Protein chains: 2
Amino acid sequence: MVDIQPRACPIAGTLDLVGERWSLLVLREVFLGVRRFADIRANTGAPRDVLTKRLRSLESAGILERRRYQDHPPRFEYHLTPAGQALEPVLIGLREWGIRHLQDPPPAPRFVHTCGADVKTRVVCAECGEPLEGGGLVTVLEETGAGTR
Amino acid sequence: MVDIQPRACPIAGTLDLVGERWSLLVLREVFLGVRRFADIRANTGAPRDVLTKRLRSLESAGILERRRYQDHPPRFEYHLTPAGQALEPVLIGLREWGIRHLQDPPPAPRFVHTCGADVKTRVVCAECGEPLEGGGLVTVLEETGAGTR
DNA sequence: CACAGTGAGTCCGTAAAACAAACCGACTAG
DNA sequence: CTAGTCGGTTTGTTTTACGGACTCACTGTG
């Protein structure tokens with residue numbers, strides 16, 4: 001008999017909000033400036049009803065804001081809240097991984113620095129700011145014992 | 001009539017491999033040093049058959065490696081490949097967002113620097129290495145026109 | 001030896017979710 | 001008047017997830 005106690009952890013909590021199918025693609029679009037229902041749908045391929053559900057749940061999670069940009073008839077645009085903008089490193093990280101590790105990497109340069117170059121993520125120590133490259137520098141803690149991977 | 005052409009982009013490509021339910025939680029566990037089926041199941045809560053499917057697909061994506069650690073009976077452990085380790089920034093990003101933006105952030109410190117402090121992600125320019133903080137520094141390109149969000 | 005337990009699953013029936021296609025309401029443009 | 005746009009909702013079907021029972025090849029306990 002195995003007792004199942006899913007780890008309460010911020011990764012799981014975040015995935016509860018943005019980890020469902022289409023959610024991160026929706027956010028990608030909004031990051032790219034695509035704010036309207038039909039356009040988000042066209043660029044992601046999400047079914048309309050699912051897209052509606054995702055937009056509502058991202059809105060109620062405080063990640064997107066639904067703004068009316070005209071009345072008569074009412075039309076809406078979706079904008080990132082500050083919390084939504086804070087997901088940028090996640091998208092950049094997924095993008096960077098895809099560019100490096102997908103067997104057939106699709107055309108990529110969509111997030112670039114103002115200097116014109118590509119952007120990437122870096123894991124750094126929150127205290128000393130030292131970059132942790134090469135995998136070995138991050139230590140992973142367990143309740144019982146630690147490891148360095 | 002809207003023509004739907006989902007963007008071929010590395011974010012979508014990466015999510016095809018790791019974006020299904022449970023996949024990223026499985027990877028979190030392996031990052032934490034939890035390598036065996038029953039333990040991964042206990043710490044994530046994934047149903048057994050789904051977990052089997054995810055482990056197989058992560059394996060065939062080259063993200064996990066399934067290693068036999070005993071014969072008679074055969075028993076297996078899952079290890080990160082280099083490609084799998086390269087997903088670390090994504091997990092750290094999700095974790096960091098959860099710590100900062102979840103209404104009720106769960107106990108968090110699981111990835112720490114060897115100096116004992118927490119880690120975080122930084123988005124930097126791939127060329128000049130300049131950090132892009134404050135949201136405004138990243139430029140997002142569109143086929144038709146660019147924006148600064 | 002019999003019996004309980006473990007690890008890594010598979011199988012099965014049900015419940016939930018996704019999907020595609022059709023439809024809708026309030027307009028605008030021709 | 002007709003067609004089209006936008007932002008959805010509704011409906012029916014297919015896919016997926018889920019929980020529980022079961023299996024197989026052992027190991028350890030009395």
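Lettering of chains follows the sequences in order, A, B, ..., and the numbering in each one begins at 1. Note that the structure is predicted; figures quoted are calculated from it, not measured.
A cation-pi arrangement is found for B/R66 relative to B/F76, the charged atom lying closer than 6.0 Å to the ring centre and inside a 45° cone about the ring normal.
Taking atom CG of A/L55 as the reference point, atom P of D/dT9 lies 10 Å away to the nearest angstrom. Protein atom CZ of A/R67 is 18 Å distant from nucleotide atom C1' of D/dG7, rounded to whole Å. With rounding to whole Å, B/R36 atom CZ is found 12 Å from C/dG9 atom P. Here the P atom of nucleotide C/dA26 and the CD atom of A/Q70 are 14 Å apart, to the nearest Å. Rounding to whole angstrom units, CZ of residue B/R35 and C1' of C/dA8 are separated by 17 Å. If you measure from atom CZ of A/R21 to atom C1' of D/dT16, you get 11 Å, rounded to the nearest angstrom. The separation between B/E77 atom CD and C/dG7 atom P is 12 Å, rounded to whole Å. When rounded to the nearest whole Å, the span between CG of B/L51 and P of D/dC18 equals 11 Å.
Among the nucleotides D/dG7, D/dT9, D/dG20, the one closest to the side chain of A/R48 is D/dT9. For B/P47, counting side-chain heavy atoms from C-beta on, the closest listed nucleotide (D/dC18, D/dG20, C/dA18) is D/dC18. Distances from the side chain of B/F76 to the nucleotides D/dG7, C/dG9, C/dA18 place C/dG9 closest. Side chain of B/V50, nearest nucleotide from D/dC18, C/dG9, C/dA26: D/dC18. For B/D49, the side-chain atoms get nearest to C/dC11 when compared with the rest of C/dC11, D/dC26, D/dA17.
Salt bridge status for A/R36 with A/E77: present, with a side-chain N to carboxylate O gap under 4.0 Å. For the pair A/R7 and B/E29, the salt-bridge criterion is met [side-chain N within less than 4.0 Å of a carboxylate O]. With respect to B/R95 and B/D118, a salt bridge is recorded, a charged nitrogen being found less than 4.0 Å from a carboxylate O.
For the pair A/P74 and A/A46, nearest-nucleotide mapping onto DNA chain C gives the more 5' position to A/A46. Toward the 5′ end of DNA chain C lies the nearest nucleotide of A/E20, the other residue of the pair A/H72 and A/E20 mapping further downstream.
At the phosphate of D/dG8, OP1 or OP2 sits under 4.0 Å from a side-chain N or O atom of A/R66. Between B/W22 and the phosphate of D/dT16, there is no side-chain N or O to OP1/OP2 separation shorter than 4.0 Å. Between B/K53 and D/dA17 there is a side-chain polar atom (N or O) within less than 4.0 angstrom of OP1 or OP2. A/Y78 has a side-chain polar atom (N or O) that falls below the 4.0 Å cut-off from OP1 or OP2 of D/dG8. When the side-chain nitrogen and oxygen atoms of B/Y69 are compared with OP1 and OP2 of C/dA8, one or more of them lie within a distance under 4.0 Å. One finds no side-chain N or O of A/T52 lying less than 4.0 angstrom from the OP1 or OP2 phosphate oxygen of D/dG7.
Using a 4.0 Å heavy-atom cutoff across all strands shown, A/R68 reaches no nucleic acid atom at all.
A side-chain contact (heavy atoms from CB on, under 4.5 Å) with A/W97 holds for exactly one of A/L102, A/I92, A/T121; it is A/L102.
Side chain A/R75 to base D/dG7: no donor-acceptor pair is found below 3.5 Å.
The side-chain heavy atoms of B/R67 and B/R35, taken from C-beta on, include no pair separated by under 4.5 Å.
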